[in-house]
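In what follows, a structure is listed as structure tokens, so that the remarks can point back to it.
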Amino acid sequence: MTKAFTFKVLATDGKARRGSITMPRGEIRTPAFMPVGTGGTVKTMYMDQVRGVGSDIILGNTYHLMLRPGAERVARLGGLHEFARWPHPILTDSGGFQVMSLSKLRKLTEKGVTFRSHIDGAAYEMSPERSIEIQGLLGADIQMQLDECTALPAMEKEIERAMELSLRWAERCRTAFGDQQGKAMFGIVQGGDIAALRLRSAQALKAMDLKGYAIGGLAVGEPQPVMLEMLDITCPELPADRPRYLMGVGTPDDILKSVARGIDMFDCVMPTRAGRHGLAYTRRGKVNLRNARHADDPRPLDEESDCPAARDYSRAYLHHLVRSQEALGAMLLTWNNLSYYQKLMQDIRAAIEAGAFEARAAEISERWARGDI
Ligand SMILES: CO[C@@H]1O[C@H](CNc2nc3cc4c(=O)[nH]c(N)nc4cc3[nH]2)[C@H]2OC(C)(C)O[C@@H]12
């Protein structure tokens with residue numbers, strides 16, 4: 001069992017990388033998809049199912065957990081791994097993005113951000129130092145710097161101000177994090193959709209010699225070509241021997257195109273959120289189980305899948321559960337969706353190892369585009 005945080009690139013295929021992160025709590029095979037476990041739970045899933053579909057790491061959120069049940073309480077109860085019964089690696093987002101997208105009455109200064117909880121209106125202050133302290137109390141293996149993500153579209157001056165503030169906060173987070181063996185603190189590249197600002201952010205963070213780098217400020221509603229162009233600009237500036245994490249992404253197509261540009265780690269609410277809304281992701285594209293056309297269909301979602309939710313239940317039954325708003329509907333579709341995403345990641349990793357990523361990605365996209373039978 002390793003004591004340190006290490007990242008190795010095992011194979012490359014064009015700019016796509018097959019890698020491995022090793023940490024005391026286990027290995028993370030990259031490219032990796034991290035199921036979102038915002039409040040310490042991957043909604044509607046038991047953690048052994050999350051593991052069973054092939055997840056190496058899950059994502060938690062500082063913002064949600066500090067509001068409820070509270071970081072100090074989670075620490076008193078043994079930390080998030082113990083609390084949620086997930087003994088494998090956990091990455092926590094730092095909270096800034098959630099404050100800006102969820103909280104009320106927030107005020108951002110050099111010191112940090114003050115805001116009122118979207119749950120009970122209580123007032124909070126989050127500085128870079130407090131964000132790192134909370135992530136430490138939770139016991140996160142990979143901690144994210146506190147940053148300011150600019151909502152797009154935005155004026156260049158505004159994007160530059162937020163990018164420069166995020167760099168100063170990165171320094172403060174690095175100091176607060178210190179040298180915790182076996183854990184990592186990732187910097188987050190900002191700069192919106194402005195190439196020159198992305199370059200400045202990436203180069204300044206690279207000089208901080210961090211263990212990993214996230215690319216933030218994307219998947220906030222910009223068109224996919226804009227997101228991909230920012231990856232084309234940013235990835236070459238980041239050190240090749242450190243993991244690259246594209247925050248909040250994405251659809252299967254987003255993931256394929258981002259792996260092709262050198263991204264190693266992903267997180268997205270889509271597979272879990274879609275599962276709760278009756279939407280199934282399959283090899284043959286999306287299937288909306290709310291649709292009446294499934295009412296008499298005896299076929300499973302995917303007879304070739306090794307996931308019981310995809311293989312053992314008829315579309316008619318899933319349609320019935322979704323229309324009746326039965327909890328089992330959300331549970332089975334979330335299980336199916338996470339299984340599909342992790343199977344996609346396994347496919348991607350194998351294709352890079354075989355030097356066949358481009359062809360495999362085209363095959364997956366073509367099958368997806370043809371749609372469901
Ligand atoms: C499809 O779900 C919507 O898409 C957003 C995911 N997109 C996203 N981009 C992100 C950027 C950052 C960032 O710059 N910094 C930090 N620290 N964390 C971040 C987290 C991010 N997640 C979700 O965010 C909303 C709430 C808009 O709906 C979800």
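Both ligands and their constituent atoms are indexed starting at 1 by order of listing. Please read these numbers as outputs of a predicted model, since none were measured by experiment.
Among Gly217, Ser131, Gly95, the residue whose heavy atom lies closest to atom 14 (O) of ligand 1 is Gly217. One option in Gly248, Ser101, Gly96 has a heavy atom closer to atom 8 (C) of ligand 1 than any other, and that option is Gly248. The heavy atom nearest to atom 9 (N) of ligand 1, out of those in Leu218, Val99, Thr251, Val220, is found in Leu218. Among Val269, Asp93, Ile188, the residue whose heavy atom sits closest to atom 18 (N) of ligand 1 is Asp93.
Using a 4.5 Å heavy-atom threshold, the side chains of Met66 and Tyr124 count as touching.
Applying the side-chain contact (heavy atoms from CB on, under 4.5 Å) criterion to Ala362, with sequence neighbours excluded, gives no partner residue.
The shortest N or O to N or O distance between Met270 and ligand 1 is not below 3.5 Å. Taking any N or O of Asp147, backbone or side chain, at least one lies under 3.5 Å from an N or O belonging to ligand 1. The N/O atoms of Gln190, backbone and side chain alike, include one that comes under 3.5 Å of an N/O atom in ligand 1.
Remark: aromatic rings of Phe266 and Tyr341 are distant, center separation not under 6.0 Å. Tyr313 has its ring centre no less than 6.0 Å from the ring centre of His319.
Applying the 6.0 Å contact sphere to CD of Gln325 captures no more than 12 heavy atoms from other residues, nucleotides or ligands.
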Counting only pairs under 3.5 Å, give me each side-chain donor-acceptor contact of residues 41-48, with atom names and distances, residues two or more places apart or in other chains.
| unit_1 | atom_1 | unit_2 | atom_2 | d |
| --- | --- | --- | --- | --- |
| Thr44 | OG1 | Thr334 | OG1 | 3.3 |

Problem set entry | salt bridge (Lys or Arg N to Asp or Glu O under 4.0 Å) between Asp141 and Lys183, intermediate numbers included | CA-CA 5 Å; Asp141 303 282; Lys183 295 189 176 183; 6.0 Å; no

Problem set entry | Arg172 and Glu129: CA distance, side-chain angles, deciding distance, salt bridge (Lys or Arg N to Asp or Glu O under 4.0 Å) verdict | CA-CA 7 Å; Arg172 287 169 54 185; Glu129 294 77 13; 2.8 Å; yes

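Proximity to Cys149 (heavy-atom distance under 4.0 Å) selects the following atoms of ligand 1: 13 (C), 14 (O). Within the listing of ligand 1, atoms 17 (N) sit less than 4.0 angstrom from a heavy atom of Ser94. The distance from ligand 1 to the heavy atoms of Gly216 drops below 4.0 Å at these ligand atoms: 13 (C), 14 (O).
In this structure, the protein non-hydrogen atom closest to atom 4 (O) of ligand 1 is Ala219 O, 3.7 Å. Atom 23 (C) of ligand 1 has as its closest protein heavy atom Phe97 CE2, 4.3 Å.
Checking Ser339 against Asn336 by side-chain atom types alone, no donor-acceptor pair falls below 3.5 Å.
Distances shorter than 4.0 angstrom do not occur between any heavy atom of Met144 and any atom of ligand 1.
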